[in-house]
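Report on the following structure.
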Amino acid sequence: MKVHISNYQWHEFFPRAKNNIGVVIALWAPVILVYFMDTQIWYAIYSTIFGGIYGAFRRLGEIRTLGMLRSRFDSLPAAFNACLIPPENIETIKKSGLKAIFSRRPTKITSNKEKEEARFAQMWNKIITSFWEEDLIDNREMNLMLVPYWADRELNLTQWPPFLLASKIPIALDMAKDSNRNDRELKNRLNSDIYMHCAVRECYASFRSIIDFLVQGEHEKQVIKEIFSRVDEYIEKDTLIQELNMSALPVLSEQFEKLIDFLITNNKEDKDHVVILLLDMLEVVTRDILEDEIPSLTDSNPGGSHGNDEGMAPIDQQRTFLGKLSFPVPETEDWKERIRRLHLLLTVKESAMDVPSNLEARRRISFFSNSLFMEMPGAPKVRNMLSFTVLTPYYVEEVNYSINLLEKQNEDGVSILFYLQKIFPDEWKNFLERVGCTSEEELRANDVLEEELRLWASYRGQTLTKTVRGMMYYRKALELQAFLDMANDEELMKGYKAAELNSEGSSKSDNSTWQQCQAIVDLKFTYVVSCQQYGKHKRAGHPLAKDILRLMTTYPSLRVAYIDEVEETGKDKSKKMVEKVYYSTLVKVAPQTKPIDSSGPVQNLDQVIYRIKLPGPAMLGEGKPENQNHAIIFTRGEALQTIDMNQDNYMEEAFKVRNVLQEFLTKHDGVRYPTILGLREHIFTGSVSSLAWFMSNQETSFVTIGQRLLASPLK
């Protein structure tokens, strides 16, 4: 400021300047500006580094790939039960892994462990089934990922999901065939690969169980018992490879696969083929694998053919030997599941490392599994959880894509349906497999399946149908969790599926648990969609009103709020003036008196629950907030979740809603309870274009990580 300047070059701008204040500002203003810019840049760098480190300490990203999921799968069920089952139900499994969840040891296992296993199996299978219903996985992948609903107590071993055991049996058979009575390599492999060890034990135990079930004759059972007793003796002495000729084992495996095929079809006409197949298997075991004769088998052969060149006894004597055969088998869900699982273990010869193959399914199962290892509040029972309502504002957007809209081509000659088929090719293929069609032409020939096509496309666009399906996952999750909380031992072992199916044809007295579950979920969860123009559309017979009615029919617990404009005569009867009166109205679906697709206005298909008179027009400010405000009076519970029309939800994340609501009961800063809770979003349209990809990453970087830094340590 004190530097002497004799000649100002810009003196005409400051003719009376007597100090250097202007020069100082001109010199230092850019420096200060750059300093603030650098501060912002350094803050972004710091927040990214600190947010990443903080997330790592909170175990975020611990499971990012399918390979990491496989390596941690033994601890996944314990974390699953610890996070998603109320604390009083998990005392015996907090420190256990998959073996403690799945193993069936009748002499040691307690009833609590049986219930824990049933709970885990049903919740896990519900998630995998939702993947299949959303066409993220096909039938084969679903069967590979399902956990047995009914673990077989007779097997007395750990039962893993089949996708972990794929190709283990064929590899073990090849190693045994080439062992030449040297069991060192096979033993090392079985000891190092727990999946192969469990697969071999399960197949042997299942083979024994099926043979014992099929063969009913007393003498035949004695022969089979001697064979298995001898094999068990070799296993006990650890001399199985030395004592048995394993080169014929692949032949026995092929015959067993044929037997499984017969059991799957279960036709009475195949009984003779099953008898012959069992005798062939007996011949392979007694002549090629076992070197010593079976005394009871030699005594039972009237022709004395055992050991002779003529082969087995004549066909009449064969039928006599296996005359009492339990075939066809009485089919139960337990039996069918066991046979399907065994068929997969024997026939899947390629590795299932790519199961599931869909990238979205991989991302979801990895994210969900990882979240179970993070810190989260414990889940209370459904009857003790906070009640909540989901509110979605809706104006005139698409509810469900029509066939005409799907087939309409743009200026480039591309239709919405064609575009969706190209960007979701695997999901389109899975959809055709799920509905039982081989081509789009076959699909279009069926009116019912054409409606399924509309839904498939709508679930992949920004439609109200997709949002309603996602939010109603909350109800499905809570119904299952309420059942698991309230069911007695017998109902729990039968499973949630059985209770759901029995509810359709049972009275309330016959199905009290199911009725109680429905009642509790009704108290704890409400979903209100505020369809502002629904009243006008309904009176005009608009397709949007029909689609909304179809949604209420699909989801009977859905509630629709709208502003109803009614012309009424004024209170002054002498003038008889007609004026518009506005009502906030809440409706639910009513028994239909006319098909939704019929022509003309759709009336008397919904039932008014509440009708509240308004002082005037509700739309005073912006449309969306006012649309929410008039419907808030219809919401119930202690928490309110606001969801936009284009958002979605997942079944596996819906299982954690009880944990999320517990956050409102925790003083995070030690002073007050939180009143607003933010949930991370996944932008599923990030793969559509490079701009969408950039915006998706920006959401993660500057919102998720930034909020994490603001919450901790900045509070």
Side-chain angles (χ1 to χ4, degrees), residues 40-41 44-45 47-48 51-52 55 60-61 64-66 130-131 134-137 356-368 370-371 392-402 405-431 453-471 473 623-624 641-653 678-709:
Q40 179 65 28
I41 293 173
I45 295 174
S47 65
T48 302
L60 183 65
R64 299 184 302 276
T65 63
L66 283 180
S130 73
F131 282 8
E134 296 176 20
D135 300 313
L136 298 180
I137 58 178
S357 58
N358 183 274
L359 296 179
E360 177 66 7
R362 291 187 177 198
R363 183 194 67 81
R364 283 173 53 176
I365 198 68
S366 299
F367 180 85
F368 171 72
N370 180 84
S371 68
T392 298
Y394 167 80
Y395 188 57
V396 291
E397 297 89 350
E398 291 292 339
V399 178
N400 198 2
Y401 288 142
S402 64
L405 182 60
L406 290 176
E407 295 176 342
K408 184 179 179 181
Q409 297 181 351
N410 60 10
E411 60 274 8
D412 298 326
V414 177
S415 64
I416 294 178
L417 182 59
F418 178 81
Y419 177 73
L420 292 175
Q421 290 172 347
K422 295 304 177 184
I423 64 174
F424 301 111
D426 51 346
E427 296 178 24
W428 172 252
K429 178 175 68 70
N430 296 340
F431 168 66
L453 175 62
R454 292 181 60 196
L455 291 174
W456 181 85
S458 300
Y459 291 148
R460 283 150 187 81
Q462 295 187 352
T463 61
L464 182 63
T465 299
K466 178 189 68 177
T467 303
V468 170
R469 181 194 66 169
M471 296 305 112
Y473 278 148
K624 180 178 175 181
Q641 183 179 21
T642 54
I643 293 292
D644 283 342
M645 199 281 300
N646 61 343
Q647 290 183 298
D648 198 0
N649 193 19
Y650 306 137
M651 173 61 76
E652 63 272 18
E653 300 303 315
L679 300 179
R680 172 182 172 181
E681 293 181 351
H682 168 69
I683 301 178
F684 61 89
T685 55
S687 60
V688 173
S689 65
S690 57
L691 179 60
W693 175 83
F694 175 78
M695 296 301 293
S696 175
N697 283 279
Q698 179 179 269
E699 176 82 12
T700 302
S701 302
F702 297 106
V703 178
T704 302
I705 295 180
Q707 291 291 335
R708 189 183 301 151
L709 182 69

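- We find the CZ-CD distance between Phe418 and Gln421 to be 7.5 Å, quoted to the nearest 0.5 Å.
- Distance check: Leu464 CG to Arg469 CZ gives 12.5 Å after rounding to the nearest 0.5 Å.
- For the atom pair Tyr459 OH and Phe424 CZ, the distance stands at 15.0 Å (nearest 0.5 Å).
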**Request:** Determine, stepwise, if the pair Glu653 / Phe367 fulfils side chain to side chain contact (heavy atoms under 4.5 Å, CB included).
**Result:** CA-CA 10 Å; Glu653 300 303 315; Phe367 180 85; 3.6 Å; yes

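- Contact annotation: the side chain of Phe368 approaches that of Ser371 to within less than 4.5 Å [non-hydrogen atoms, C-beta and beyond].
- Using a 4.5 Å cut-off on side-chain heavy atoms (C-beta onward), Gln641 and Leu679 make contact.
- In terms of heavy-atom proximity, Ile643 sits nearest to Thr467 at CG2-CG2, 3.9 Å.
- The neighbour count for Leu359 CG, taken as heavy atoms of other residues, nucleotides or ligands under 6.0 Å away, does not exceed 12.
- Side chain of Thr48 to backbone of Ala44: a donor-acceptor contact under 3.5 angstrom is found.
- Atom CZ of Arg454 sits about 4.5 Å away from atom CG of Asn400, to the nearest 0.5 Å.
- By the side chain to side chain contact (heavy atoms under 4.5 Å, CB included) test, Glu398 is found to be paired with Tyr401, Leu405, Thr463, residues two or more places apart in sequence or in another chain being considered.
- Between Phe431 and Asp135, the shortest heavy-atom contact is CA-OD1, 3.5 Å.
- A cation-pi contact, defined as under 6.0 Å to the ring centre and within 45° of the axis, is absent between Arg364 and Phe131.
- Expressed to the nearest 0.5 Å, how far CE of Met645 lies from NZ of Lys624 amounts to 10.0 Å.
- With sequence neighbours left out, the salt bridge (Lys or Arg N to Asp or Glu O under 4.0 Å) criterion links Arg362 to no other residue.
- Under the salt bridge (Lys or Arg N to Asp or Glu O under 4.0 Å) criterion, Lys408 pairs with no residue at all, not counting sequence neighbours.
- The closest side-chain heavy-atom distance from Glu134 to Asn358 is not below 4.5 Å.
- Without hydrogens or angle criteria, Asn410 side chain to Asp412 main chain gives a donor-acceptor distance under 3.5 Å.
- Panel note: side chain Gln647, backbone Asp644; a donor-acceptor pair is recorded below 3.5 Å.
- Within the 4.5 Å cutoff, the side chain of Leu66 has heavy atoms near those of the Pro356 side chain.
- Rounded to the nearest 0.5 Å, atoms OG (Ser415) and CG (Leu420) are 8.5 Å apart.
- The shortest distance between side-chain heavy atoms of Glu360 and Tyr650 falls below 4.5 Å.
- Side chain of Asn370 to main chain of Ser366: no donor-acceptor pair is present (N/O by atom type, distance under 3.5 Å, no hydrogens or angles).
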